[in-house]
Every structure is written in C-alpha cells, then in structure tokens.
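Computed from a predicted structure; not experimentally measured.
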Amino acid sequence: MLECRASVDVTSPIGRFDRRCYGQFIEHLGECIYGGIWVGEGSNIRNIGGYRLDVLEAIKRLNCPIVRWPGGNFASGYHWQDGIGPRDQRSKLYDMAWSQDEPNTFGTDEFIDWCKLVGTEPWIVVNAGNGTPEEAAQWVEYCNSNRNTYYAQLRRKYGHAEPYRVKIWGIGNELYGRWQIGFCVDGFECARRTVEFANEMRAVDPEIKLVAVGCEDPEWNIAMVKNAGGYFDYLSIHIYVSGDKSYRELIAYSLDIAKRLRNTYELIQTVRKKYNIKREIKLAFDEWNVWYSEAKPPLLRQVTSVKDAVFTAGVLNSLHRLCNEVPIAAFAQTVNVIPLIVASEDGRMVLTPQYFVFKLYGENVGDYVLPTFVDSQLYKSSELNCYVPFVDFSAAIAGDGKTLYLYVVNRHETEHAYIQTTFKGFKPSRAFMETIAGESVEDKNTLENPNAVGVEEGYVKIENGKVNLELKPHSVNVVKILGETNT
C-alpha cells in the first residue's frame, strides 16, 4: 500500500474557479450530431422534438457549463444561413472538411434550443476559413440583437422572439493547419483576419467575448498577440494525446499538458507586456482528449477505459491548478466521436469511464481552488523524462466556506493508497466519497456490457480534524467534506 500525507490550505486560495473548464465540444463529424445529438422527430429512437432523449438526459446529468459548436474543422466551411428556416426547405450540401453530406437539419436554432434543454451555455465558432467578417457579424445579429433589423427579424420569423445572448464566440478553428479550409500561412495573416472579424462582430454586440486561434508554435502566438491582442479575450489551444501507450506513460501526460499550457500562457503575458497590450488574454483549452489509432475517419469511434478516466481526471486536476490561466475548456467530443458517450443507431447507449469523471466533477464544484501539498511516491516517465507522483490531489471550497471538495487520483495500477489529509483554516465534520475504478485499467463499458465500470461509494474516516482516505488502485475519487472555516 502507498502511504502519503496531504495538506490543504483554506486561508490562501489560488483563485476563483470557473466551471467552464468542464466544457464540452460537439461537431458535425461522424455521428456526433446526426445519430448522437439529433435523430429527427420521425425517428424510432426516443426523442423530444428530434433531440435524442437518452443522450440529452445523459449530458444534462453532467451539469455541463458550456458547449462549443459547430466545429472544429467543420466550422471553417460552414455557412450558418444554410442551417436556419424550415428544416424541410434546407439544402443538403457537401461538407469539404470531413467529406460527408451535411443535411443542415441541425442548425443555430436547434443548437440553442438543445442548450436550453441540457441547461448549458452556447459557444459558437464562426467560419473564418472561407467565410467573411460580414457573415459572422450577421450571425451575431441573428443570435443576439433585439433591434428591428433584418437578421434579428429573421430569428423572430423562425419562432424565436427573444435574443439568444450568446456570450462566447470563436473566430475560426486551427487556421494554422493546411488541413483547414482557408488556412492562414502564418500568425500575422491570422491576426489580420482576426481583427477584421472582431471589429464587425463587436460592432453588432460590443459585450461578446472572443476566442482567437492559437497553437503551440511560439512564433504564431507572438504574431497573434502582437498584432491582434487588443481584439480577443482568449487564445485557443488544442492538445490530443495518443492512447497507444503504456498505462503509466499515458497518465503522465496530464502533467505534460499542464506544463505546455502554462508555458503558452506565460509567453502570451510576456508579449502583452512588451507591446503594451491592455486587454487581458487567457487560454481557451477548447479541444483535448486521448485519441486511439482505432478512431479513424469518417466515424472516429473509440471506446475508452479506466486508464483514460485516470488520465482525464489528471487533466481536470491540472485545470483546477491553472484556474487563473485557463478558465475555459472543451472536451472533444461529447458523443460518438472519440466520445464520452457512445450512442448506437439501434437505440442503445454506453457511458464511458471518462463520462463518469466529468459527472463526478460536475456534481461537486467549489468556488475557489485551494493550494494543496502531497507527499507521494514517484515513478519515472521515460517518454516525458519526468517524475510523476502516484497520487494527484486538488481541492476547492464553496463560497460560504462550509463545503470542501477533494479530487484525488491514485495512479498506481495495482497498489491501494492511504492518504491522511490535514487542513489549515478548516474543521471537517462529515465526509462522503465517490470512486471510479473498475477491476483493471483496461476495464470499459461496451454495448454488450454497459455497466462494467460505474461510480461506487467509498469510506471516509475523520479523526482529530484529519481526513483519512483509502483509495483503490487506478482510481478517481471525489470527496465532499462538510465543515466550517476557522480562520
């Protein structure tokens, strides 16, 4: 058994926690939208107004704060007016991004209505590939304007009297890539394009927040911040990790992701300071996941296991610690495409272990992230050339100081972990723990065996103001502690 000590300091929070770092991403790709989110009113699969009901209810249980749409690569060729108006009058078009037919039966109004049903905030990415600033500004007007102008009236004509008030808008997707429709040759060109889009979109609604295209190329990001930093609020970063690794190497990548995000953020702040950019810029980590070689176009299907849940919890813990740098994120993707949820065309549905991580974290959310210390044994990642603690630990507290949450991962594949936790400025009285583990790191839920991995209740002992936890191997654990601050 691994034995370690941990401490939590309630007196000096790291920063305010933004729930939007638990965001999701859905794209017109494979069977994510069609067959996953939307089946149509005439489908034999249970639905509400065309929205697939089992998937809708599963996403609602995530307490998902924000969802990014319509892409992804799809956004760079999507013209939003193809997806509004009577559905039976919309044209089926060829999607150049993913080489598939796009029926356009799921468009802006369907997305917004689905967000309302799920209880989430919409995040729309405009077409900055082969689209225009004028087209993007008209989309903002359609969604957000209460004027008596053409596109606001068009929204009313199609049955939506009140503005949607979409706050977060992305200006393009991965425009640095040659795989992208309308890609930019360098960061300077992307910055110029970003300024044009931002000017016209904000002329319609000055209150919107904008996400610009960033990457892990320092030269690209420097050009973006130097030349367009006064026009956007977040710089987008995408990171996918290959799943075709050993267990220990895969789970180590949550540390690597944290390092890469922090380095990118620090570069942005250096450039802001050098060029006197007054607007605050943070990161939007708006595509991330583990990606297995089995997930190939056009469907990009994979079924993930407990080891992927351990990786996912490690990333979320890293995002807790980066709450001041990365307040907004989007897991890619929610349904059917390298997914949290697998929804088959015969009406069955599977919730992956990764899904349960988001569910546990989404149900136990604090307002302030707290400093933590863990004295844990380490192992060496040869691929990343770094040492990785077997126990990963983050904490947050509610605004009233009466509920504290621990997010604890035991990375060891075979050993239990015993953790004794002390607190500075908090007196625990009762505690409850929920656990995701399975029998093996390879355990997964499938259509044939959908309940192999789930959430179990764990045991917590409080003694002399200390919380004692015994964690299963390869487990993700969320502990809710009731008590009071004593600062």
Side-chain angles (χ1 to χ4, degrees), residues 17-30 32-33 36-37 55 58-75 114-115 118-123 125 168 170 173-174 211 234 236-243 250-251 253-254 257-258 260-261 283-292 295 300-320 322-323 326-343 350-363 365 407 409 436 476 478:
F17 180 67
D18 193 326
R19 285 180 53 92
R20 295 178 301 171
C21 79
Y22 295 162
Q24 295 290 320
F25 170 45
I26 58 174
E27 180 174 4
H28 292 245
L29 164 59
C32 178
I33 299 296
I37 301 292
V55 171
I59 296 173
K60 191 172 183 177
R61 290 193 294 272
L62 290 175
N63 295 294
C64 180
I66 193 167
V67 175
R68 180 175 179 254
W69 171 87
N73 294 357
F74 177 81
W114 178 82
C115 286
V118 169
T120 192
E121 179 184 348
W123 170 358
V125 181
I168 304 292
N173 176 79
E174 295 182 1
V211 181
Y234 306 93
S236 164
I237 300 294
H238 296 174
I239 300 176
Y240 292 96
V241 175
S242 170
L250 172 63
I251 62 174
Y253 267 84
S254 62
I257 286 173
R260 290 153 71 178
L261 290 173
L283 294 185
F285 188 32
D286 52 13
E287 287 188 33
W288 68 273
N289 197 359
V290 56
W291 193 327
Y292 285 84
L300 276 71
R301 283 258 181 144
Q302 65 184 27
V303 180
T304 54
S305 64
V306 168
K307 71 178 181 180
D308 306 297
V310 173
F311 161 80
T312 300
V315 174
L316 294 183
N317 283 0
S318 293
L319 291 178
H320 292 170
L322 289 167
C323 62
V326 192
I328 186 169
F331 178 88
Q333 296 185 16
T334 313
V335 189
N336 281 344
V337 171
I338 55 174
L340 289 184
I341 301 168
V342 177
V350 172
L351 306 176
T352 67
Q354 287 180 295
Y355 169 91
F356 290 112
V357 173
F358 273 95
K359 184 174 183 293
L360 278 192
Y361 278 59
E363 290 173 341
V365 183
Y407 313 89
V409 181
I436 304 161
V476 177
V478 176

Listed by chain and number, what are the ring-ring contact (aromatic ring centres under 6.0 Å, His included) partners of F331, not counting sequence neighbours?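 If we apply the ring-ring contact (aromatic ring centres under 6.0 Å, His included) test to F331, skipping adjacent residues, the hits are W288, F358.
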Residue pair C64 / V67: nearest heavy atoms and the distance that separates them: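 Looking at all heavy atoms of both residues, the shortest contact is SG-CG2, 3.7 Å.
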Taking the six-membered ring for Trp, is the centroid-to-centroid distance between F25 and H238 below 6.0 Å?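 No, the ring of F25 stays outside the 6.0 Å limit from the ring of H238, centre to centre.
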Sequence neighbours left out, what passes salt bridge (charged side-chain N to carboxylate O under 4.0 Å, His left out) with R19? Give chain and number order.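 With neighbours one apart ignored, the set is empty.
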Which residues share a salt bridge (charged side-chain N to carboxylate O under 4.0 Å, His left out) with R61, sequence neighbours left out: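 Result, salt bridge (charged side-chain N to carboxylate O under 4.0 Å, His left out) vs R61: none returned.
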Please list all pairs passing the salt bridge (Lys or Arg N to Asp or Glu O under 4.0 Å) test where one or both residues lie in residues 63-75, with sequence neighbours left out.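 For residues 63-75, and leaving out neighbouring residues, the salt bridge (Lys or Arg N to Asp or Glu O under 4.0 Å) pairs sorted by first residue read R68-D286, R68-E287.
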Mind checking side chain to side chain donor-acceptor pair (under 3.5 Å) for [X] and listing every partner two or more places apart, or none if nothing turns up?
X    : answer
Y407 : none
Q354 : N289, T304, T312
Q302 : none
Y355 : none

I'd like to check the side chain to side chain contact (heavy atoms under 4.5 Å, CB included) partners of P327; sequence neighbours left out, ordered by chain and number.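 P327 satisfies side chain to side chain contact (heavy atoms under 4.5 Å, CB included) with D18, Y234, K282 once adjacent residues are dropped.
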What's the spacing between L29 CG and I338 CD1 if we round to 0.5 Å?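 Nearest 0.5 Å value for the CG-CD1 distance: 8.5 Å.
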Output the distance between atom CH2 (W114) and atom CD1 (I59), rounded to the nearest 0.5 Å.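 These two atoms lie 4.0 Å from each other.
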Below 30° counts as parallel, above 60° as perpendicular, anything between as tilted: where do the rings of W69 and H28 land?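 Aromatic pair W69/H28 classed tilted.
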